[in-house]
Undergrad: 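The structure under discussion is supplied below as structure tokens; questions concerning it will follow.
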Amino acid sequence: MNEVRFVGDTTLARRTAWVVTAAGCVPLLLAGIAVMAWQLAQTNDWQTGMRSFHTGDPFPWFWVVPSVALSAWLTVPAIRAWRRVRGLVAHDRSRSSA
């Protein structure tokens, strides 16, 4: 009765872990794009254009800080999801070898 019982589908758990991991990577990608666009505007002396940064614009903290915070927050569920996958796989292996 002291034994922990794992119940779940390994394939579904792995798919969920990948989705949560990807969801944590997307904000970092968006922050990277914003930083690169800002840097290009500064180095190439862009003065015109409605949809981009311009020379002298402040650093895009309004994109970077929330994106990094969201990615850090999503790291915890991703770690939990991958631990669950590892636990399910170990449980399946122990059942098949017994």
Undergrad: Name all residues meeting the side-chain hydrogen bond (donor to acceptor under 3.5 Å, both in side chains) criterion together with Thr10; count only those two or more places apart in sequence or in a different chain, and write none if there are none.
TA: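 By the side-chain hydrogen bond (donor to acceptor under 3.5 Å, both in side chains) rule, Thr10 matches Asp92.
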Undergrad: Can you tell me how far apart CG (Asp45) and CG (Leu40) are? Round to the nearest 0.5 Å.
TA: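 Separation between the atoms: 12.5 Å.
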Undergrad: Test question: given the 4.5 Å side-chain rule for I, L, V, M, F, W and Y, name all other residues clustered with Leu70, or answer none.
TA: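 The other cluster members (ILVMFWY side chains, heavy atoms under 4.5 Å, direct or chained) are Trp73, Leu74.
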Undergrad: For the hydrophobic clusters of this structure (ILVMFWY residues joined by side-chain heavy atoms under 4.5 Å, transitively), does one cluster hold both Phe53 and Met36?
TA: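 No, no single cluster joins them.
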Undergrad: Output yes when a side-chain donor or acceptor of Gln42 lies under 3.5 Å from a complementary backbone atom of Gly56, and no otherwise.
TA: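 Looks like yes, one N/O pair under 3.5 Å.
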Undergrad: For the residue pair Val35 and Val64, what are the closest heavy atoms and their distance?
TA: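 Closest heavy-atom pair between Val35 and Val64: CG2-CG2, 3.5 Å.
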Undergrad: Would you please name every residue forming a side chain to side chain contact (heavy atoms under 4.5 Å, CB included) with Arg86, sequence neighbours left out?
TA: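 Testing Arg86 for side chain to side chain contact (heavy atoms under 4.5 Å, CB included), a comparison that skips the adjacent residues, returns Arg83.
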Undergrad: Quick one: side chains of residues 13-29, donor-acceptor pairs under 3.5 Å with protein atoms, not counting sequence neighbours, listed by atom name and distance.
TA:
from: Thr16; atom 1: OG1; to: Leu12; atom 2: O; distance (Å): 2.8
from: Thr21; atom 1: OG1; to: Ala17; atom 2: O; distance (Å): 2.7
from: Thr21; atom 1: OG1; to: Trp82; atom 2: NE1; distance (Å): 2.8

Undergrad: With under 30° as parallel and over 60° as perpendicular, where do the rings of Trp38 and Phe59 fit, or are they tilted in between?
TA: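 If you compare the ring of Trp38 with that of Phe59, the planes turn out perpendicular.
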Undergrad: Could you pull out the closest heavy-atom pair between Trp46 and Ala37, with the gap in Å?
TA: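 That would be CZ3-O, 4.3 Å.
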Undergrad: Counting N and O atoms only, with roles assigned by atom type, does the side chain of Ser67 sit under 3.5 Å from a partner on the main chain of Leu30, one being a donor and the other an acceptor?
TA: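 Not a single qualifying donor-acceptor pair exists.
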Undergrad: Of all residues at least two apart in sequence or in a different chain, which pass the side chain to side chain contact (heavy atoms under 4.5 Å, CB included) check with Trp63?
TA: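 With sequence neighbours excluded, Trp63 shows a side chain to side chain contact (heavy atoms under 4.5 Å, CB included) to Ala34, Pro60, given in chain and number order.
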Undergrad: Does Asp57 have any salt bridge (charged side-chain N to carboxylate O under 4.0 Å, His left out) partners at least two apart in sequence or in another chain, and if so, which?
TA: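 Counting only residues at least two positions away or on another chain, Asp57 forms no salt bridge (charged side-chain N to carboxylate O under 4.0 Å, His left out).
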